[in-house]
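Presented below is the structure to which this report refers.
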Amino acid sequence: MLDIQTLRKDLDAVTARLAHRSFALDAAAFQALEAERKAVQTRTEDLQAKKNRYAKEFGFAKSKGEPTDGIAGRIYGEGVNPDAVLKQSEEELKGIQARMSEFLLSVPNVPHESVPVGKSADDNVEVRKVGTPKKFDFPARDHVDIGEGLKGLDFDTAAKIAGARFTLMKGPIARLHRALAQFMLDTHTTEHGYTEVYTPYLVNADSMRGTGQLPKFEQDLFAVQHNDSKMYLIPTAEVPVTNIVRDVIVPIEELPLKFVCHTPCFRSEAGSYGRDTRGMIRQHQFDKVELVQIIHPEYSYEGLDQLTGHAEAILKKLELPFRTVTLCTGDMGFSAAKTYDIEVWLPGQNAYREISSCSNFEGFQARRMQARYRDDKGKPQTVHTLNGSGLAVGRTLVAVLENYQRADGNVDVPTVLQAYMGGLKVIEPPKI
RNA sequence: GGAGAGGUGGCAGAGUGGUCGAAUGCGCCAGACUCGAAAUCUGGUUUAGUCUCAAUGGCUAACGUGGGUUCGAAUCCCACCCUCUCCGCCA
């Protein structure tokens, strides 16, 4: 949610910057609504003030045993039904405020000035490239062939159990998946200063609204009915973790809060039919290790660079080639002010594919969820929120399988993971 | 699932129809005292919104949430949500 004060003051500038991300802000509608709000709010509060004055004088007169007949006429004038007028005015104001809030919730974040202007992923700007894609002296297979050859990935059985876009892992590949998550958590907690958290995987609507999934993107979520309300399966740990600070004033000396969290993520993938249907690139359920920072606004861009570096560190330790790009204005998510995508090299696709997305939301999420700190004058101020994948575990597994494959169809275990694999150095098919 | 207790400011905790945005204590901030600190004393200290001629200004709202009664609700009534304790069941 944008700051309504900014909209009032710099409506034209905001409209112009939102246009870069192909969002047409209806400035006229906003101004009309704002004018209406002002008129109705002033009138309503005036009526409320009269009502308060009336009650006060009434009580005062009563206590002194004076008559109370003349009071209403003196305050309200003759011939009006103050209750009905007030009630109607309050209803009207409520309606306007609801419309205003709906309007504000539907406006995406304003891109930071450093974000390149562009229309699509083609306009993203590469900031660095690390490692060189390995040349294989045999035709590189993709993770599906590798995993099925090792009897460790089974998409048919997953489809039987659940449907399309699910994976069943077995044996050393299942263990490799687990090892990756452990390795990531350990690295971020022991080397990057994050606190590990475990959270609910089902959350309420307030939490989804706080991080921006609701109200606009309900179709991307899985939901379950619970009692009379809906609960949502988290599409990323960003949701429960960032909502830790919803309605909280964080002591300034505790900033930045740095959390790391490993969860499954559930996404309906509505609207992505036919895209990435092969393998485990795009799943309804996948594991991710998420980094979240709650940070002082002054340091949030510094923090974003650091957080992106923390995610990249995992790829470096795994010796996987990657590149990092800055998303252009047209390719960014709804809530982000700036996003870096980290893309890992996948020999099976002969392409770099997204494995992490690191964003600064500035105050966009924090305003929605009233997450604040106190400035040196003691006034509550909105914090900034950051998050990034550190990393998507399923896609990292894909990258390891494809980059560490051998001519015989087996897969070398990256050095840093061997301890997590009980010393195993090579993944081979089961003996029997 | 059954029985009970409770949800009030950063925290603890009073307040059961009026001048209560809310006692008191703790915490925090400023000042006094002090060489300095502690102790003590004095003052301040919820949040959100809004108006205007922008001030040491006015007004509105908020005591879990939503409704109701009333001139007037933290306080009374109804519904719901949440937390805690005990019993049962259960990974």
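Being a predicted model, the structure only gives us computed values, none of them experimental.
- Separation of the P atoms belonging to B/U19 and B/U60 is 14 Å when rounded to the nearest angstrom.
- Rounded to an integer number of Å, the gap from A/N204 CG to B/U65 P is 16 Å.
- Separating the NZ atom of A/K56 from the C1' atom of B/C59 is a distance of 12 Å, rounded to the nearest angstrom.
- Closest to the side chain of A/A55, out of B/C59, B/G72, B/A48, is B/G72.
- For A/E102, the CD atom counts as loosely surrounded, since its 6.0 Å shell holds 12 or fewer non-hydrogen atoms of other residues, nucleotides or ligands.
- When the C1' atom of B/G17 is taken as reference, atom CZ of A/F58 falls 13 Å away, rounded to whole Å.
- A distance of about 12 Å separates the C1' atoms of B/G18 and B/U70, rounded to the whole Å.
- Under a cut-off of 6.0 angstrom, the local environment of OH in A/Y299 is sparse, with at most 12 non-hydrogen atoms contributed by other residues, nucleotides or ligands.
- B/G27 and B/U83: their P atoms are spaced 32 Å apart (whole Å).
- Atom C1' of nucleotide B/U65 and atom CG of A/D247 are separated by 13 Å, given to the nearest angstrom.
- An OP1 or OP2 oxygen of B/G18 is reached within less than 4.0 angstrom by no side-chain nitrogen or oxygen of A/R53.
- Every residue meeting the side-chain contact (heavy atoms from CB on, under 4.5 Å) condition with A/K258, not counting sequence neighbours, appears here in chain and number order: A/Y194, A/P256, A/Q293, A/H310.
- Between the side chains of A/E90 and A/T44, no donor-acceptor pair of N or O atoms lies under 3.5 Å.
- Using P as the reference atom, B/U75 and B/G67 are 14 Å apart when rounded to the nearest Å.
- Among the atoms of the strands shown, only primed sugar atoms or phosphate atoms (P, OP1, OP2) are found under 4.0 Å from some heavy atom of A/R372.
- Residue-level contact check: A/D46 touches neither bases nor backbone, having no heavy atom under 4.0 Å from any strand.
- Going from the C1' atom of B/G13 to that of B/U8 covers 9 Å, rounded to whole Å.
- If you check every strand for non-hydrogen atoms under 4.0 Å, A/K94 touches sugar and phosphate atoms only.
- Between A/D142 and A/R278, at least one side-chain nitrogen of the basic residue sits less than 4.0 Å from a carboxylate oxygen of the acidic one, meeting the salt-bridge criterion.
- Protein atom CG of A/N52 is 12 Å distant from nucleotide atom C1' of B/G18, rounded to whole Å.
- Listed nucleotides B/C71, B/A48, B/G72 differ in distance to A/P380; the shortest reach to its side chain belongs to B/A48.
- As rounded to whole Å, 19 Å separates atom C1' of B/U47 from atom CE of A/M369.
- Only the C1' atoms considered, B/G9 is 13 Å distant from B/G25, to the nearest whole Å.
- Using a 4.0 Å cut-off between charged side-chain N and carboxylate O, A/R165 and A/E269 make no salt bridge.
- Rounded to a whole Å, the CD atom of A/Q48 is 14 Å from the C1' atom of B/G72.
- Remark: the A/S268 side chain and the A/D220 side chain contain no N/O donor-acceptor pair separated by less than 3.5 Å.
- Note on A/K87: every side-chain N or O is 4.0 Å or more away from OP1 and OP2 of B/G67.
- Among the atoms of the strands shown, only primed sugar atoms or phosphate atoms (P, OP1, OP2) are found under 4.0 Å from some heavy atom of A/R8.
- For the P atom pair drawn from B/C77 and B/A38, the interatomic distance equals 49 Å after rounding to whole Å.
- Regarding A/Q41, its CD atom lies at a distance of 15 Å from the P atom of B/A48, rounded to whole Å.
- For RNA chain B, each stem of at least three Watson-Crick or G-U pairs (distances under 3.5 Å) is given as range with range: B:1-7 with B:81-87, B:10-12 with B:24-26, B:27-32 with B:40-45, B:46-51 with B:57-62, B:64-68 with B:76-80.
- Heavy atoms of A/K62 sit nowhere under 4.0 angstrom from any nucleic acid atom.
- Counted by atom type alone, A/N204 and A/Y232 present zero donor-acceptor pairs between their side chains at under 3.5 Å.
- For B/G10 and B/A3, the P atoms lie 36 Å apart once the distance is rounded to whole Å.
- Using a 4.0 Å heavy-atom distance criterion, A/Q5 is classed as a sugar-phosphate-only contact.
- By the 4.0 Å N-to-carboxylate-O rule, A/E402 lies too far from A/R141 to be salt-bridged with it.
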